[in-house]
Amino acid sequence: MTECYIRVAEDENEEPMEIPSEEDGTVLLSTVAAQFPGACGLRYRSPVSQCMRGVRLVEGVLHAPESDWSNLVYVVNYPKDNKRKMDEMDAASAVKIKRGVQKTSDLIVLGLPWKTSEQDLKDYFSTFGEVIMVQVKRDAKTGNSKGFGFVRFTDYETQVKAMSQRHMIDGRWCDCKLPNSKAGPDEPMRSRKVFVGRCTEDMTADELRQFFMQYGEVTDVFIPKPFRAFAFVTFADDQVVFFFLYGYNLFCVGHSVCPHI
DNA sequence: GTTGAGCGTT
């Protein structure tokens, strides 16, 4: 089997997108997830049984059901409770303020291979559940990975699952733990203040306020002088503010806004 | 251009 394109859609009735296979005819889950963030697998309707069938997934590699992928449309699987279509989320509807549920906290991921990227991390952890943010810590000068990073999940159950096992990531066993510095596990990040990174010099406090007020009442905007490429926005609500800002190509968790990957 | 227990630039 040689490389080809397979047709993948969010739903059976949606317009499919063509996704490239590898040279050996397999399709990487990460390739699917690049177009369908959060995807954890594929399924298809069997022409014979008319039932939905799962596509074999082994260590991040999807294998053609028969001798080839034929001309079927494959449907994306998402982790339970993650059926939402990510790119349909507008900023306002993406606001989640969870009350009365166990809040998640950042997890440190130890033992990462030097080569592992944030995209790799996101692809991997998305198979457990919806991922809010990932970070790979790097040397500021060389850009080399320090071999550890952070991950934050939407759901606490996902976090517990991730902490309860070891992880084979790019060929190394890694561990997910609660970080020992910063915000205790019982009270993770209740800050009303949001760090806004990657600011440009022309952004005004007023513009930031105008933008962030769609998420809640803004009580303060702080821009350091002289220009330092970041700002702080403070909300009235003391709940954890956490949302995605797809339009701005950013995503934001708790008290930090990161470039969206 | 290396390494392998740890703890997060703003």
Side-chain angles (χ1 to χ4, degrees), chain A residues 103-126 128 131-154 156 158-160 162-205 207-209 211-212 215 218 220-235 240-245 248-261:
Chain A
K103 294 179 179 58
T104 62
S105 49
D106 294 1
L107 299 179
I108 188 164
V109 189
L110 273 350
L112 291 175
W114 311 117
K115 53 171 271 207
T116 298
S117 69
E118 298 195 335
Q119 184 67 57
D120 295 333
L121 262 196
K122 183 165 185 183
D123 291 346
Y124 174 77
F125 283 114
S126 292
F128 288 82
V131 170
I132 300 174
M133 76 95 204
V134 291
Q135 293 177 338
V136 170
K137 290 302 169 189
R138 298 174 182 281
D139 183 278
K141 209 168 173 180
T142 66
N144 293 331
S145 167
K146 290 182 176 171
F148 72 96
F150 291 87
V151 61
R152 180 93 176 257
F153 294 100
T154 303
Y156 188 71
T158 315
Q159 167 171 329
V160 171
M163 282 191 297
S164 70
Q165 65 167 82
R166 305 248 289 156
H167 302 274
M168 176 57 76
I169 302 177
D170 289 339
R172 271 183 64 93
W173 285 110
C174 305
D175 294 295
C176 275
K177 298 177 180 174
L178 288 171
N180 35 29
S181 61
K182 207 164 149 183
D186 41 7
E187 191 60 25
M189 295 202 285
R190 269 191 171 256
S191 178
R192 296 151 44 216
K193 191 181 286 184
V194 175
F195 173 82
V196 184
R198 303 256 176 128
C199 293
T200 53
E201 200 157 6
D202 59 320
M203 285 185 190
T204 66
E207 283 174 336
L208 286 175
R209 178 183 294 271
F211 178 76
F212 281 96
Y215 303 101
V218 174
D220 187 54
V221 176
F222 174 75
I223 300 179
K225 300 278 174 0
F227 175 66
R228 294 231 276 151
F230 69 91
F232 287 109
V233 174
T234 306
F235 291 90
V240 175
V241 191
F242 92 56
F243 40 72
F244 295 82
L245 310 174
Y248 273 48
N249 205 32
L250 292 171
F251 83 105
C252 166
V253 184
H255 67 333
S256 58
V257 178
C258 319
H260 175 53
I261 58 168

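Below, all heavy atoms of this structure are taken into account, side chains as well, without hydrogens, waters or symmetry copies. All values derive from a computational prediction rather than experimental measurement. Just so it is clear: chains get the letters A, B, ... in the order the sequence lines come, proteins before strands, and each one is counted from 1.
If you check residues 140-149 of chain A against DNA chain B, the residues with a heavy atom closer than 4.0 Å are A:Lys146, A:Gly147, A:Phe148, listed by number.
We find that CG of A:Asp139 is positioned 17 Å from P of B:dC7, with the value rounded to whole Å. Distance CG (A:Leu178) to P (B:dG8): 15 Å, rounded to an integer number of Å. Straight-line distance from the CD atom of A:Glu118 to the C1' atom of B:dG8: 12 Å, rounded to whole Å. Computed from coordinates, the A:Arg172 CZ to B:dA5 C1' distance equals 10 Å when rounded to whole Å. For the pair A:Lys177 NZ and B:dG8 C1', the computed distance is 16 Å after rounding to whole Å. Atom P of nucleotide B:dA5 and atom CG of A:Leu110 are separated by 10 Å, given to the nearest angstrom. We find that CZ of A:Phe232 is positioned 14 Å from P of B:dT9, with the value rounded to whole Å. In this structure, A:Arg138 places its CZ atom 16 Å from C1' of B:dG4, rounding to the nearest Å.
Sorted by first then second residue, the salt bridge (Lys or Arg N to Asp or Glu O under 4.0 Å) pairs that include residues 172-181 of chain A, not counting sequence neighbours, are A:Arg166-A:Asp175.
For A:Phe150, whose side chain is taken as the heavy atoms from C-beta onward, the closest listed nucleotide among B:dG4, B:dG8, B:dC7 is B:dG8. Candidate nucleotides B:dG8, B:dT3, B:dT10 were compared by shortest atom distance to the side chain of A:Phe230, and B:dT10 ranks first.
With sequence neighbours excluded, the residues satisfying side chain to side chain donor-acceptor pair (under 3.5 Å) with A:Thr200 are A:Asp202. Residues passing the salt bridge (charged side-chain N to carboxylate O under 4.0 Å, His left out) test with A:Asp170, sequence neighbours excluded: none. A:Gln165 meets the side chain to side chain donor-acceptor pair (under 3.5 Å) test with A:Lys161; sequence neighbours excluded. Scored by the side chain to side chain donor-acceptor pair (under 3.5 Å) test, A:Ser117 finds A:Asp120 as partners (sequence neighbours excluded).
With hydrogens and angles ignored, no donor-acceptor pair closer than 3.5 Å exists between the side chain of A:Asn180 and the base of B:dG6.
A:Leu112 comes within contact range of at least one nucleobase, with a heavy-atom separation under 4.0 Å. Heavy atoms of A:Pro113 sit under 4.0 angstrom from at least one base atom. Backbone-only engagement by A:Arg228 is indicated by non-hydrogen atom pairs under 4.0 Å involving sugar-phosphate atoms exclusively.
Here A:Lys137 reaches the OP1 or OP2 of B:dT9: one of its side-chain N or O atoms lies under 4.0 Å away.
The backbone N or O of A:Tyr156 sits nowhere less than 3.5 Å from a side-chain atom of A:Thr104 that would complete a donor-acceptor pair.
Contact annotation: the side chain of A:Leu121 approaches that of A:Thr116 to within less than 4.5 Å [non-hydrogen atoms, C-beta and beyond].
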